[in-house]
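I have placed the structure first, in the form of structure tokens, so that the comments after it can refer back to it.
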Amino acid sequence: MTFFPEEVLEHIFSFLPSHQHRNSISLVSKTWFKVERLSRHRVFVGNCYALTPQRLIARFPRVRALTLKGKPHVADFNSVSPHWGCFVFPWIVALAQNCPSLQEIKLKRMVVSDNSLDLLSRSFPNFNSLVLVGCNGFTTDGLAAIASNCRLLEVLDLQENEVQEGISQWLSCFPESCTSLVSLNFASLKGQVDLTALEKLVARCPNLRSLRLNRTVPLDMLQKILVRAPQLVDLGIGSYVQQTRSESYVKLCNSVLNCKSVQNLSGFWEVFPPCLPAIYPVCWNLTSLNLSYARGIRGLHLNRLIRQCQKLQRLWILDCIGDMGLEVVANTCKDLQELRVFPSDPYNAISSVTEGGLVAISIGCPKLHSLLYFCLQMTNAALITIAKNCPNFTYFRLCILNPKMPDHITLQPLDEGFGAIVQSCKKLRRLSLSGFLTDKVFLYIGMYAEQLEMLSVAFAGKGDKGMLYVLNGCRNLRKLEIRDSPFDDAALLADVVKYERMRFLWISSCEVTLGGCKALAKKVPMLNVEIINEEDQMEENPDDSMKVEKMYLYRTLDGPRKDAPDFVWAL
Amino acid sequence: MESMVTYESDLNLEATKLRLGLPGIEEFEKQTLPNVRSNKRALLDMNQESGSKKSSDVSDVKKCDQEIAPAPKAQVVGWPPIRSYRKNCLQTKKTEAEAAGIYVKVSMDGAPYLRKIDLKVYKGYPELLKALEDMFKFTVGEYSEREGYNGSEYVPTYEDKDGDWMLVGDVPWDMFISSCKRLRIMKGSEARGLGCVV
């Protein structure tokens with residue numbers, strides 16, 4: 001194989017589907033390493049502090065599509081201050097200087113400033129795709145720069161970012177010459193957009209496949225958009241309020257009939273449920289439905305809607321669907337693969353879904369492999385049944401809203417239930433635990449969860465053996481987050497070699513002390529150990545026995561980062 | 001009934017014993033008590049189509065020893081694990097409801113001065129009309145889509161964003177709240193134009 005000319009190698013490598021594969025083959029020989037790195041166009045960086053932008057560019061100078069992930073997963077839940085880090089600006093600067101052919105950027109949980117967006121929009125003439133997920137730090141002015149300057153823009157996808165209102169009417173900044181849009185998602189923006197500009201934009205972009213509107217876009221505008229873009233595959237509805245007797249509503253019904261391609265439906269930020277029948281015609285072909293922000297769709301209206309969606313593979317819903325509603329799902333959506341049930345009132349511990357609903361789903365939907373489920377109660381028996389019915393879980397995340405809840409009937413810990421899940425689901429890659437758990441569950445996880453890559457633990461365990469079971473048993477573990485559990489220095493230091501194979505370890509509110517972290521940092525110089533202590537205790541020259549509030553450990557090629565704020569202490 | 005549940009014992013008879021109270025309160029300190037009954041049958045009763053909140057079903061569950069009011073939760077930071085964007089959406093919806101209301105002037109033909117009411121306080125037309133009736137001491141008739149208010153001299157109307165005078169009750173409530181600028185209770189002959197059948 002090494003006698004092939006490099007062009008042939010490059011061609012062969014182009015068939016490799018994932019960056020993990022490409023990482024592997026680049027280890028074969030120096031030639032392969034060189035060919036691979038010069039031909040890699042799509043680069044994935046799971047932790048933006050794992051390496052500097054300069055190092056990335058040195059290795060992959062021809063990068064055209066870059067994915068960068070920033071803050072750790074727990075940052076999504078406000079456990080990390082917004083100033084902690086993960087600023088994209090230095091990356092944009094470095095890329096602007098060295099990689100002018102950059103086309104795509106996807107950022108997750110990073111701080112993105114308007115300056116960054118502005119620089120981005122002016123530095124890459126072929127730039128065509130911007131996806132921002134869970135980011136913050138920018139305003140609509142930054143979006144205006146993107147709209148104005150990226151001549152070939154195809155994708156502008158904004159998912160659940162915290163966007164402040166700027167001065168600009170960003171949507172109006174798309175020039176008349178912009179006809180290339182394929183995907184536009186501004187569903188999570190709060191501000192008004194110029195509706196006339198929106199309609200004209202949709203009309204002149206014949207390739208538009210995906211459009212997700214925000215709540216300020218009224219139903220009569222939706223109707224006009226559907227007339228202009230009947231080819232849409234992915235539709236996010238903004239406001240869905242109209243009088244059913246009106247001419248507008250009748251027009252809507254007719255326009256919907258022309259939309260034969262819609263497969264993903266989402267939104268409904270405001271709803272007048274009697275209008276829902278207008279969209280029933282698209283429900284027949286739906287494979288993905290996201291009603292997790294549609295608080296207005298409940299009860300009978302919701303059940304009727306679900307009954308139209310027999311081909312559904314992915315469903316995101318609020319817990320007001322209730323167990324009865326989940327039974328409707330179980331009876332209707334036989335192809336269901338992914339289910340997420342979000343809490344509608346988590347802080348008052350109110351939920352209409354129980355273990356019963358989940359069991360019903362497991363019976364009716366045997367293809368289910370990805371689950372996120374918030375509920376108030378669970379039993380071991382239910383989990384055992386679910387494990388038997390759905391052995392194909394790859395993602396299993398159960399969140400019982402009140403910490404440390406046992407099996408509500410037998411009052412046992414939920415060890416056996418989760419144990420059944422890991423034993424039955426041999427392909428399990430991600431697991432989030434909750435409820436009352438002892439070390440036994442970690443024994444089970446270590447024994448059976450061989451493919452596990454990410455584990456999230458909260459309020460669990462009785463001693464420190466738990467972590468040892470997991471670290472020893474789960475050879476593929478890459479991401480581990482533990483909070484409020486009796487995890488102490490002994491457990492932390494027991495097997496530090498394992499940490500070098502992981503992307504990160506996050507520990508908060510456990511029994512780990514400063515001394516323990518310091519000892520760890522000495523043992524693993526290739527890893528960054530950061531202590532996050534937002535209570536300003538750093539200044540008092542702390543004692544080694546002080547318990548650490550939050551510790552974030554991650555592997556990196558470039559040592560401690562230079563942009564850490566005061567409350568982050570790198571050891 | 002008061003004995004501790006020990007789940008380490010082999011036979012574990014305690015655990016299988018039917019209890020009428022909530023699960024082991026003594027066992028787990030620092031627990032905030034859930035709003036859920038441990039009585040399985042009650043659960044099936046509770047899951048009605050309308051997805052009503054559990055707290056409203058408390059009365060359905062007989063035999064419950066303790067009246068557990070939802071403990072005001074000391075919020076654990078970062079728990080439950082909900083993305084902050086989603087959390088902010090949930091809270092905004094609540095604060096929007098609590099925030100400065102929609103105050104509109106209400107005039108009544110023949111009354112010496114106007115009143116002001118907060119539309120946000122009402123959940124729908126019946127409550128609004130009742131409040132107006134109480135405030136001005138009159139009654140509206142029976143509402144029907146075809147005929148408007150039937151059976152009274154008084155007709156509730158409002159001025160919408162476009163400056164038109166509309167009959168209260170024709171549009172969905174949410175649409176009404178967002179478009180109503182002022183209310184006027186019309187009386188007598190003028191009211192007839194808007195579909196009042198006396």
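Reminder, nothing fancy here: chain letters follow the sequence lines and each chain counts from 1.
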Using a cut-off of under 4.5 Å for heavy-atom pairs, which of A:H73, A:H301, A:E160 has the most such pairs with chain B?
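The option with the most such pairs is A:E160.
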Side chain to side chain donor-acceptor pair (under 3.5 Å) against A:E162, all qualifying residues, sequence neighbours excluded
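Partners of A:E162 by the side chain to side chain donor-acceptor pair (under 3.5 Å) criterion, ordered by chain and then number, come out as B:N88.
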Looking at A:Y293, does the NZ or CZ of B:R86 lie under 6.0 angstrom from its six-membered ring centre and within 45 degrees of the ring axis?
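B:R86 over A:Y293 ring: yes.
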Per-residue contact mode, [X] against chain B (heavy atom under 4.5 angstrom):
X: A:P274; result: neither
X: A:R397; result: neither
X: A:D484; result: neither
X: A:L326; result: neither
X: A:L302; result: neither
X: A:S292; result: both
X: A:S456; result: neither

Check whether the side chains of B:S179 and B:D160 place a donor and an acceptor atom closer than 3.5 Å, and report yes or no.
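No donor-acceptor contact under 3.5 Å links the two side chains.
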Under 3.5 Å, is there a donor-acceptor pair linking the side chains of A:S344 and A:D319?
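A donor-acceptor contact under 3.5 Å links the two side chains.
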Assess whether a salt bridge exists between A:K190 and A:E165, defined as any Lys/Arg side-chain N lying under 4.0 Å from an Asp/Glu carboxylate O.
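Salt bridge between A:K190 and A:E165, a charged N being under 4.0 Å from a carboxylate O: no.
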What do you reckon, are the aromatic ring centroids of A:Y240 and A:F272 less than 6.0 Å apart?
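When the ring centroids of A:Y240 and A:F272 are compared, they turn out to be at least 6.0 Å apart.
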Verify the neighbour count for atom OH of B:Y122: are there more than 12 heavy atoms of other residues, nucleotides or ligands below 6.0 Å?
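Enclosed: over 12 neighbouring heavy atoms sit under 6.0 Å from OH of B:Y122.
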For residues 129-144 of chain B, give me every residue with a non-hydrogen atom less than 4.5 Å from any non-hydrogen atom of chain A.
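Heavy-atom contacts from residues 129-144 of chain B to chain A are absent.
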Gap separating the CZ atom of A:F342 from the SG atom of A:C320, nearest 0.5 angstrom:
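SG of A:C320 is found 12.5 Å from CZ of A:F342.
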Using the rule side chain to side chain contact (heavy atoms under 4.5 Å, CB included), only one of B:V106, B:I185, B:V168 pairs with B:Y158; which is it?
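Running side chain to side chain contact (heavy atoms under 4.5 Å, CB included) over B:V106, B:I185, B:V168 with B:Y158 returns exactly one hit, B:V168.
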Check against ring-ring contact (aromatic ring centres under 6.0 Å, His included), B:W173 and B:Y125:
CA-CA 7 Å; B:W173 175 254; B:Y125 288 117; 5.0 Å; yes
